[in-house]
Enquirer: 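Have a look at this one before I ask anything.
Throughout, residue positions are numbered sequentially from 1 according to the sequence presented.
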Amino acid sequence: QVQLRESGPGLVKSSQTLSLTCTVSGTPITTRYYYWSWIRQSPGKGLEWMGAIGYDGTIVYSPSLKSHTSISRDLSKNQFSLQLTSVTPEDTAVYYCASRRGDVLPLVDREEYDYWGQGTQVTVST
């Protein structure tokens with residue numbers, strides 16, 4: 001059974017860097033042809049696809065977030081991570097990691113994904 005679990009600080013101050021990790025169990029993140037995404041939902045807003053890292057290490061970012069987003073992976077721990085620099089209160093959201101097999105697409109509907117984490121709340125304080 002494949003499971004994804006997000007972890008990270010629940011509270012971050014403005015201008016700091018937010019770091020989140022998604023720990024994957026049940027399958028290696030190098031499994032062909034899966035890609036591993038970060039998606040967030042801000043209060044009162046819809047889901048926003050942030051970026052993804054593929055089974056082969058290819059990384060794709062949302063153009064609107066590319067300038068202050070970084071995604072990486074640690075194969076020894078079967079984890080992938082998100083770093084968001086210079087955060088503001090507008091980055092307050094529930095952050096999810098999710099995975100699907102196929103092309104890297106900026107999808108946000110849960111039914112499009114094979115696996116979806118429970119989400120972790122991040123609040124950015126002023």
Enquirer: When you measure from the side chain of N78 to the backbone N and O of L75, does any donor-acceptor pair fall under 3.5 Å?
Expert: no
Enquirer: Taking atom types as modelled, find out whether Q83 and S19 have a side-chain donor-acceptor pair closer than 3.5 angstrom.
Expert: yes
Enquirer: Are Y61 and L82 in one and the same hydrophobic cluster, where Ile, Leu, Val, Met, Phe, Trp and Tyr link if side-chain heavy atoms are under 4.5 Å apart?
Expert: yes
Enquirer: For residues 38-79, pull every pair meeting disulfide (SG to SG under 2.5 Å), keeping only residues two or more places apart or in separate chains.
Expert: none
Enquirer: What closest approach, in Å, do V2 and L4 show between heavy atoms, and which atom pair accounts for it?
Expert: CG1-CD1, 3.9 Å
Enquirer: Indicate the atoms forming the closest heavy-atom contact of I71 with I59, along with that distance.
Expert: O-CD1, 3.1 Å
Enquirer: For residues 75-126, which residue pairs qualify under disulfide (SG to SG under 2.5 Å), counting only residues two or more places apart or in two chains?
Expert: C22-C97
Enquirer: Can you tell me which residue pairs pass the disulfide (SG to SG under 2.5 Å) test with a partner in residues 44-88, sequence neighbours excluded?
Expert: none
Enquirer: Keeping R40 on the side-chain end and E48 on the backbone end, is there a donor-acceptor pair under 3.5 Å?
Expert: no
Enquirer: Using the ring pair (Phe, Tyr, Trp, His ring centres under 6.0 Å) criterion, which residues pair with Y55? Sequence neighbours excluded.
Expert: Y33
Enquirer: Does Y95 form a side-chain contact (heavy atoms from CB on, under 4.5 Å) with L18? I'd like the steps, not just the answer.
Expert: CA-CA 11 Å; Y95 287 77; L18 167 64; 3.9 Å; yes
Enquirer: Looking at residues at least two apart in the chain, or sitting in another chain, which of them share a ring pair (Phe, Tyr, Trp, His ring centres under 6.0 Å) with Y35?
Expert: none
Enquirer: Quick one: do I39 and Y113 satisfy side-chain contact (heavy atoms from CB on, under 4.5 Å)? Show the steps, please.
Expert: CA-CA 11 Å; I39 298 164; Y113 287 86; 3.6 Å; yes
Enquirer: When you measure from the side chain of W36 to the backbone N and O of I29, does any donor-acceptor pair fall under 3.5 Å?
Expert: yes
Enquirer: Quick one: side-chain contact (heavy atoms from CB on, under 4.5 Å) partners of K77, sequence neighbours excluded?
Expert: D74, Q79
Enquirer: Would you call D56-R32 a salt bridge at under 4.0 Å N-O?
Expert: no
Enquirer: Taking T27's backbone N and O only, do any of them form a donor-acceptor pair with T31's side chain (distance below 3.5 Å, no angle check)?
Expert: no
Enquirer: Report yes or no: do V108 and L20 belong to one cluster of Ile/Leu/Val/Met/Phe/Trp/Tyr joined by side chain heavy-atom distances under 4.5 Å?
Expert: no
Enquirer: Are any side-chain N or O atoms of D91 and backbone N or O atoms of L84, one a donor and one an acceptor, separated by less than 3.5 Å?
Expert: no
